[in-house]
Amino acid sequence: MSTRARVSAPAKVNLRLHVLGRRADGYHDLETLFQAIDLSDEVVVELRESGGVELSICGDVSGLGPIADNLAFRAASRLAERVGFGGGVAVELTKRIPVGAGLGGGSSDAAAVLRGLARLLDVADDDLRLRACAEELGSDVPFFLSGSVLARGGGRGEILDPIDALPAAALVLVAPPVHVSTAQAYAALAGSRAATAAPSVPVARAPRSWSDVAAGASNDFEPVVMRMFPEIRRALDALTAHGPRFALMSGSGASVFAMFSSEEESRRVAAALSDELGWPCHVVHTLVTMPKPRIA
Ligand code: C5P
């Protein structure tokens, strides 16, 4: 039996994000478009004869909370318990995706642990126990577990409609030096809408091209989150000033990203913005396939 698996845990951006009404369980219904990108954390999962779950983290650990609250730790504990695995599990996590950035890093780490552990324990990809763990861990985890790189998300994010991947494209990604709490962003949005009914959003068709994506690109969190964090407004304005095909905030922030006419133009803009803003500006690429767990 293999005992060690290595899994790449890519970040995502939301190419569209509409927040609908608040539900009885306190969550909000969404209408979103998830796209995986090539900025990734790395997870190594190893089975041990005994002991509980251990998590060690290296890389960019700024903004991370206690180990026991980490989604990668909770993912390993939850799946081991649900499938009745009595041995130990050691997880090594290398962080590169910034925390509190709207890029889904914690959720992707959790999904990577579920996929790696499932592979080692011979749990099938479509096993309902895996799906249940993903939904319990967080609203973005089911997308990363799904194996799709592009999908529409409904419900609280867990109802997924996979879409054929679009050709790999460069994005300029800017991470302003602030952390946005997702719960705080939802509360601020709900507060700003207190006097109005939940918006009704036309059902968007699946995009077949980057032009379709550009035509539908919007994020309901932008106005409220940019009021809370002027740095995010500054980053989005700076991207917009360079004439992108579209520019957006991802998730509930803090990252913003934009698509330009070519890879070369993206590199030129990223270099100019690094000087102008003094914050991390990267050229990343949309993924066309989700990397699979490898036995290590
Ligand atoms: O599911 P996740 O743990 O990522 O969500 C964090 C918080 O964001 C939730 O506790 C909730 O306050 C808010 N949320 C929401 N509706 C969603 C997703 C998250 O209200 N669809």
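Count residues from 1 along the sequence. These values consider heavy atoms only, across backbone and side chains, with no hydrogens, waters or symmetry-generated copies. Order of listing sets the numbers, starting from 1, for every ligand and every atom in it.
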May I ask you to identify the nearest protein heavy atom to atom 3 (O) of ligand 1, giving residue, atom name and distance to one decimal place in Å? Gly138 CA, 4.3 Å
With heavy-atom distances below 4.0 Å as the criterion, list the atoms of ligand 1 near Leu30. 21 (N)
List the closest protein heavy-atom neighbour of atom 9 (C) of ligand 1: residue, atom name, distance to the nearest 0.1 Å. Tyr27 CE2, 3.8 Å
Glu265 and His242: side chain donor to acceptor below 3.5 Å: no
Tyr27 and Tyr186 aromatic centres sub-6.0 Å: no
Please confirm whether Ser139 comes within less than 3.5 Å of ligand 1 when only nitrogen or oxygen atoms on both sides are compared. yes
Among Leu20, Val19, Thr182, whose heavy atom sits nearest atom 6 (C) of ligand 1? Thr182
Looking at atom 19 (C) of ligand 1, what's its closest protein heavy atom, distance included? Tyr186 CE1, 3.4 Å
Count I, L, V, M, F, W, Y as connected when their side-chain heavy atoms are under 4.5 Å apart, and connections chain through other members. Are Phe229 and Leu189 then in the same cluster? yes
Can you classify the ring geometry of Phe246 versus Phe257 as parallel (below 30°), tilted (30 to 60°) or perpendicular (above 60°)? perpendicular
Atoms of ligand 1 close to Arg156 [distance to a heavy atom under 4.0 angstrom, numbered from 1]: 1 (O), 21 (N)
Answer yes when Arg74 and Glu136 have at least one side-chain N-carboxylate O distance shorter than 4.0 Å, and no when they do not. no
Is atom CZ of Arg208 surrounded by more than 12 heavy atoms (other residues, nucleotides or ligands) closer than 6.0 Å? no
CG (Asp125) with more than 12 external heavy atoms under 6.0 Å: no
Counting from 1, what ligand 1 atoms have a heavy atom of Gly26 closer than 4.0 Å? 20 (O)
Shortest protein heavy-atom distance from atom 16 (N) of ligand 1, along with the residue and atom involved: His28 N, 2.8 Å
